Number of protein chains: 2
Amino acid sequence: MLTPTEENYLKAIFKIAEREKKAVSTNAIAKQMKTSAASVTDMLKKLSEKELIYYEKYKGVSLTPTGNKAATHLIRKHRLWEVFLVNKLRFAWHQVHEIAEELEHIDSEELISRLDAFLDYPKFDPHGDPIPNADGRFTLRNQINLSDMSVTQTGIVLGVKESETEFLKHLTKINIKLGSEITILGKTDFDQSLRISIDTKYEEVISQKVSQSILMKRK
Amino acid sequence: MLTPTEENYLKAIFKIAEREKKAVSTNAIAKQMKTSAASVTDMLKKLSEKELIYYEKYKGVSLTPTGNKAATHLIRKHRLWEVFLVNKLRFAWHQVHEIAEELEHIDSEELISRLDAFLDYPKFDPHGDPIPNADGRFTLRNQINLSDMSVTQTGIVLGVKESETEFLKHLTKINIKLGSEITILGKTDFDQSLRISIDTKYEEVISQKVSQSILMKRK
DNA sequence: ATTGATTTTTAGAGTAATCTAAATTTCGTC
DNA sequence: GACGAAATTTAGATTACTCTAAAAATCAAT
Ligand SMILES: [Mn+2]
Ligand SMILES: [Mn+2]
Ligand SMILES: [Mn+2]
Ligand SMILES: [Mn+2]
């Protein structure tokens with residue numbers, strides 16, 4: 001039905017649309033897919049032909065209901081595989097994205113529903129991202145950037161906004177993981193860097209670049 | 001390094017070479033791959049170029065050591081995934097081949113070594129086929145076709161030579177599975193069909209076509 | 001509103017895999 | 001050893017995806 005490449009494009013469009021509310025531009029897709037704008041235009045024509053996206057030349061694109069469903073399902077598969085890799089195969093959270101990028105394209109409904117059951121119907125992946133259920137519904141949570149919390153406040157790490165290997169390895173090195181309790185001990189006005197305590201055991205200074213990519217639940 | 005298609009061709013060549021001792025013919029590969037002889041010739045040139053097969057026009061092919069290693073590794077991945085699907089996700093043995101056909105191409109050494117450990121280093125897959133270890137070595141067993149056993153003899157089912165869905169479903173229906181104890185109660189000279197008892201509980205008549213595809217250990 | 005920069009599309013071409021039909025080589029039998 | 005059948009290769013196309021370079025459209029700033 002859909003090729004892996006077509007699926008990847010739909011996912012890219014979904015993710016861009018998720019953060020920017022307007023029509024998704026060719027260049028934005030090219031950047032996300034690490035490909036040329038010309039290749040993107042080719043694919044947009046194809047996806048439009050298949051009625052997976054709304055596309056008007058020079059105006060950007062958005063997903064049709066069918067396209068949205070396909071993208072959501074791909075994300076579901078990706079995140080379920082990530083849970084499998086971390087919870088069952090004991091991979092570290094920075095090792096799983098690339099592998100899931102391949103596994104997500106395996107085409108079997110039965111496989112995914114059994115995997116979901118095997119993992120006990122997880123609602124979030126190892127990076128704290130919500131896993132859509134079989135109907136495509138995401139579990140919503142109130143979450144706030146660590147960078148938006150104030151001094152003396154405490155919270156629990158719910159997720160990360162970035163899945164870059166080096167970023168995740170950095171967090172691991174300073175003992176930050178999902179569920180960690182972080183208290184803001186101080187803030188430097190100049191660069192917005194934070195001095196924090198982690199699980200009341202460790203004390204670290206983190207840059208704004210880091211604190212903006214950590215999602216928290218206020219405690 | 002290798003595309004999924006190239007890997008599939010190498011596996012096909014390996015499997016044909018395994019049963020017929022001579023050079024593997026273009027037509028045999030075409031049949032195994034369900035593709036045209038012309039496509040096979042194209043691919044043989046490519047694989048030869050990459051030094052994965054020895055190829056002489058009109059003379060058939062065989063695997064080089066590199067090609068053999070690649071094929072063996074693919075078979076290892078395929079069979080490990082089948083064990084996962086049956087033992088962990090509770091698929092029936094007739095449901096897993098197609099899915100493993102996709103999973104086998106996922107490219108991650110780390111994934112396979114962790115999967116192997118997670119499954120407890122299985123030596124045989126759900127159809128009784130040996131799983132090569134990381135060095136490519138297969139575990140060998142003395143096994144005999146059920147069709148070659150004589151009346152009154154008893155044995156244990158070690159595996160099947162065929163993974164056709166309909167064949168496996170048929171075996172399941174008559175209560176034959178890996179580990180079943182089968183005793184030959186009688187043989188019809190005319191068509192070599194067998195009357196057998198299964199686990200001392202069931203009695204069935206099976207055709208030669210079936211008995212030739214069941215591998216046994218004499219008891 | 002013109003102009004210059006940016007974005008997007010088109011043109012033209014390349015690689016990987018596939019096909020059918022035609023040409024060529026090999027095999028098997030007399 | 002000749003000859004017809006079978007197997008194999010070559011020729012020529014097609015589809016999916018990609019690229020660079022050039023053309024066209026849009027945006028943004030004066
Ligand atoms: Mn992908
Ligand atoms: Mn994730
Ligand atoms: Mn395969
Ligand atoms: Mn098998």
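So you know, we letter chains A, B, ... as the sequences are listed, proteins then strands, and number each from 1. Because the structure is a prediction, the values reported are computed rather than measured.
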A:M149 backbone acceptor or donor facing A:K187 side chain under 3.5 Å: yes
Interatomic distance, B:K45 NZ vs D:dT10 P [rounded to whole Å]: 4 Å
Nucleotide nearest A:K59 when distance is taken to its side chain, options C:dT9, D:dT26, D:dT9: D:dT26
Approximate separation, where rounding is to 0.5 Å, of B:T165 OG1 and B:Q95 CD: 9.0 Å
DNA chain C contacts among residues 50-57 of chain A, heavy-atom distance under 4.0 Å: A:Y55, A:K57
Phosphate OP1/OP2 of C:dC19 contacted by B:S36 side-chain N/O (<4.0 Å): yes
Closest nucleotide among C:dT9, C:dT10, D:dA16 to the A:A38 side chain: C:dT10
Among D:dT26, D:dC19, D:dT9, the nucleotide that comes nearest once only the side chain of A:Y58 is considered: D:dT26
Contacts of type side chain to side chain donor-acceptor pair (under 3.5 Å), residue B:D191, not counting sequence neighbours: B:S193
Distance below 4.0 Å between B:T41 side-chain N/O and D:dT10 OP1 or OP2: no
Note: A:E101-A:K11 ion pair, threshold 4.0 Å (strictly below): yes
Nucleotide nearest A:Y9 when distance is taken to its side chain, options D:dT18, D:dT20, D:dA24: D:dT18
Sorted by number, the residues of residues 10-31 of chain B with heavy-atom contact under 4.0 Å to DNA chain C: none
Distance in angstrom units between B:L44 CG and D:dT9 P, rounded: 7 Å
Spacing of A:M43 atom CE and A:L52 atom CG [to the nearest 0.5 Å]: 10.5 Å
Criterion side-chain hydrogen bond (donor to acceptor under 3.5 Å, both in side chains) against B:H73, the qualifying member of B:E7, B:E109, B:E104: B:E109
Polar side chain donor-acceptor pair, A:E164 to A:H170, under 3.5 angstrom: no
Value in whole Å for how far the P atom of D:dC19 lies from CE of A:M43: 11 Å
Side-chain H-bond candidate by donor/acceptor type, A:H105 with A:N8, under 3.5 Å: yes
Contact nearer the 5' end of DNA chain D, comparing A:A37 with A:E6: A:E6
Out of D:dC19, C:dT9, C:dA16, whichever nucleotide has its closest atom nearest the side chain of A:S39: D:dC19
Closest nucleotide among D:dT20, D:dT18, C:dC19 to the B:D42 side chain: C:dC19
Within-4.5 Å side-chain heavy-atom neighbours: A:Y9 and A:L44: no
OP1 or OP2 of C:dC19 under 4.0 Å from side-chain N/O of B:T35: yes
